[in-house]
Amino acid sequence: MTRSLFKGNFWSADILSTIGYDSIIQHLNNGRKNCKEFEDFLKERAAIEERYGRDLLSLSRKKPCGQSEINTLKRALEVFKQQVDSVAQCHIQLAQSLREEARKMEEFREKQKLQRKKTELVMDAVHKQKSLQFKKTMDAKKNYEQKCRDKDEAEQAVNRSANLVNQKQQEKLFVKLATSKTAVEDSDKAYLLHVSTLDKVREEWQSEHIKACEVFEAQECERINFFRNALWLHVNQLSQQCVTSDEHPSCMRISTHPRGMQPHQERLQGLTWQGEDPSQFLKAHQMILITRWLMTTVCFISNVNETRAFSG
């Protein structure tokens with residue numbers, strides 16, 4: 001299937017019509033407007049990302065979050081704030097990348113604008129020349145038609161004066177007829193010359209129109225590819241941002257894993273140590289009770305013996 005080309009379309013049967021050229025220009029203007037809208041979108045998205053990143057950074061660095069915690073939970077909170085800080089930095093970096101892409105889009109638009117301007121100036125000059133030459137040709141045609149009518153009137157006057165006796169009057173009519181014939185010949189040559197010139201101008205316009213179609217088609221293909229690549233890159237950047245943002249919570253989850261709480265409890269006991277473990281504490285308490293019982297028993301036996309000795 002043969003690809004449809006700009007130069008194979010966008011023509012008009014009217015020699016003065018520029019509807020085909022105007023349609024191409026309108027389409028290119030719409031494409032340029034679309035690029036500008038995407039560029040503005042990137043700039044606004046960059047501003048949002050940077051504002052969010054800086055607010056998140058300020059929150060991470062200035063807002064206290066469990067500052068009195070100790071041991072493993074304290075380290076988990078430190079990791080948490082570090083990861084929040086990293087997420088904020090990622091958003092700020094994304095904002096910078098988006099601004100860079102917006103700058104590239106702007107440069108691309110301006111480059112195409114300058115390239116188009118050269119072709120448009122040539123086409124505007126050709127259109128103006130074609131319209132001017134067409135007007136001159138139409139004026140020459142009107143003049144030729146008027147001279148033909150003058151000649152016809154002169155011939156009719158000569159025919160009507162055939163029976164006149166006044167010789168001088170007849171001579172004047174013949175002179176007028178001869179003059180009108182000369183005027184017809186001159187106007188005919190001028191008309192043919194303008195028609196020939198108009199045909200050359202038309203050929204020049206046709207040639208320039210084909211060149212312009214080729215230039216504009218190449219520009220449109222370039223614009224579509226550039227726009228598609230810019231959109232593809234933008235989506236990839238957002239996808240990478242999502243992946244990166246998900247990696248940081250994973251680090252947070254690892255730091256707060258339940259297995260990490262046992263060392264925290266052991267260290268808490270080490271910092272707030274008040275004695276041995278419960279089994280040792282019970283053993284010691286039992287020994288104290290036994291010792292006190294033995295001492296009480298010994299004292300009781302001693303008292304009994306003393307009483308018996310006193311009674312005896």
Side-chain angles (χ1 to χ4, degrees), residues 2-32 112-220:
T2 305
R3 184 169 64 92
S4 179
L5 302 175
F6 280 17
K7 66 180 181 180
N9 302 279
F10 304 107
W11 296 92
S12 174
D14 185 1
I15 189 173
L16 293 181
S17 176
T18 59
I19 185 172
Y21 176 80
D22 294 339
S23 298
I24 296 176
I25 293 299
Q26 182 62 43
H27 178 73
L28 295 180
N29 288 337
N30 290 338
R32 188 167 183 269
Q112 284 210 327
K113 179 182 177 181
L114 293 176
Q115 292 175 346
R116 274 183 53 189
K117 192 66 177 177
K118 297 177 182 178
T119 304
E120 288 177 356
L121 289 174
V122 173
M123 290 302 298
D124 289 343
V126 170
H127 287 152
K128 183 177 180 181
Q129 183 182 13
K130 183 180 63 170
S131 298
L132 182 60
Q133 185 58 42
F134 181 81
K135 183 179 182 301
K136 289 181 179 180
T137 303
M138 291 299 100
D139 291 342
K141 178 184 178 182
K142 291 178 181 179
N143 183 59
Y144 170 72
E145 291 174 346
Q146 183 61 47
K147 296 304 180 182
C148 289
R149 286 192 294 269
D150 292 342
K151 182 180 76 67
D152 292 339
E153 291 176 358
E155 288 178 346
Q156 292 174 6
V158 168
N159 293 332
R160 286 194 303 268
S161 65
N163 298 325
L164 292 178
V165 180
N166 192 335
Q167 188 68 26
K168 290 183 179 181
Q169 188 68 26
Q170 288 183 342
E171 290 178 357
K172 287 181 180 181
L173 292 175
F174 279 112
V175 170
K176 185 178 180 180
L177 177 59
T179 302
S180 62
K181 287 181 178 180
T182 303
V184 168
E185 293 176 357
D186 292 340
S187 62
D188 181 50
K189 292 179 181 178
Y191 178 42
L192 291 176
L193 179 61
H194 282 297
V195 169
S196 177
T197 303
L198 179 61
D199 190 55
K200 291 180 181 179
V201 170
R202 180 195 60 78
E203 290 178 354
E204 181 182 359
W205 163 78
Q206 183 176 341
S207 175
E208 293 298 334
H209 182 76
I210 292 174
K211 293 178 182 178
C213 286
E214 292 174 346
V215 171
F216 292 154
E217 184 175 11
Q219 276 199 338
E220 180 62 5

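If you're wondering where the values come from, they're calculated on a predicted model, not measured in any experiment.
- With sequence neighbours left out, the side-chain contact (heavy atoms from CB on, under 4.5 Å) criterion links Glu185 to no other residue.
- With Asn30 contributing its side chain and Gln26 its backbone, the two residues share a donor-acceptor pair below 3.5 Å.
- Surrounding NZ of Lys151 are more than 12 heavy atoms belonging to other residues, nucleotides or ligands, all under 6.0 Å away.
- Nearest heavy atom pair, residue Ala212 against residue Thr119, reads CB-CG2, 3.6 Å.
- Separating the CG atom in Leu198 from the CG atom in Leu193 is a distance of 11.0 Å, to the nearest 0.5 Å.
- A search for side-chain contact (heavy atoms from CB on, under 4.5 Å) contacts involving Asn29 returns Ile25, Arg116, not counting sequence neighbours.
- Annotation: the span from Ser187 atom OG to Gln146 atom CD amounts to 10.0 Å, rounded to 0.5 Å.
- Here Met123 contributes atom CE and Ile24 contributes atom CD1; the two are 8.5 Å apart, rounded to the nearest 0.5 Å.
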How far apart are the C-alpha atoms of Leu177 and Lys181, what are their side-chain angles, what is the distance that settles it, and do they pass the side-chain contact (heavy atoms from CB on, under 4.5 Å) test?
CA-CA 6 Å; Leu177 177 59; Lys181 287 181 178 180; 3.9 Å; yes

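- Heavy atoms only, all atoms of each residue included: Glu217 and Leu5 are closest at OE2-CD2, 3.3 Å.
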What verdict does the side-chain contact (heavy atoms from CB on, under 4.5 Å) test give for Ser180 and Lys176, after you've listed the backbone C-alpha separation in whole Å, the side-chain angles of each residue and the deciding distance to 0.1 Å?
CA-CA 6 Å; Ser180 62; Lys176 185 178 180 180; 5.6 Å; no

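- The distance from the NZ atom of Lys147 to the CZ atom of Arg149 is 11.0 Å, given to the nearest 0.5 Å.
- Identified under the side chain to side chain donor-acceptor pair (under 3.5 Å) test for residues 189-204, with sequence neighbours left out: Gln133-His194, Asp199-Arg202, Arg202-Gln206.
- A side-chain donor-acceptor contact under 3.5 Å links Gln219 to the backbone of Gln112.
- Contact annotation: the side chain of Asn143 never approaches that of Asp139 to less than 4.5 Å [non-hydrogen atoms, C-beta and beyond].
- In this structure, the separation between NZ on Lys141 and CZ on Phe134 is 8.5 Å, given to the nearest 0.5 Å.
- In this structure, the separation between CD on Glu208 and NZ on Lys130 is 12.0 Å, given to the nearest 0.5 Å.
- With sequence neighbours left out, the ring pair (Phe, Tyr, Trp, His ring centres under 6.0 Å) criterion links His209 to Trp11, Trp205.
- Shown here are the side-chain contact (heavy atoms from CB on, under 4.5 Å) partners of Ser17, two or more places apart in sequence or in another chain: Ser12, Asp14, Ile19.
- Legend: residues meeting side-chain contact (heavy atoms from CB on, under 4.5 Å) with Lys142, ordered by chain and number and at least two apart, are absent.
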Evaluate the criterion salt bridge (charged side-chain N to carboxylate O under 4.0 Å, His left out) for residue pair Asp124 and Lys128; output intermediate values, then yes/no.
CA-CA 6 Å; Asp124 289 343; Lys128 183 177 180 181; over 6 Å; no

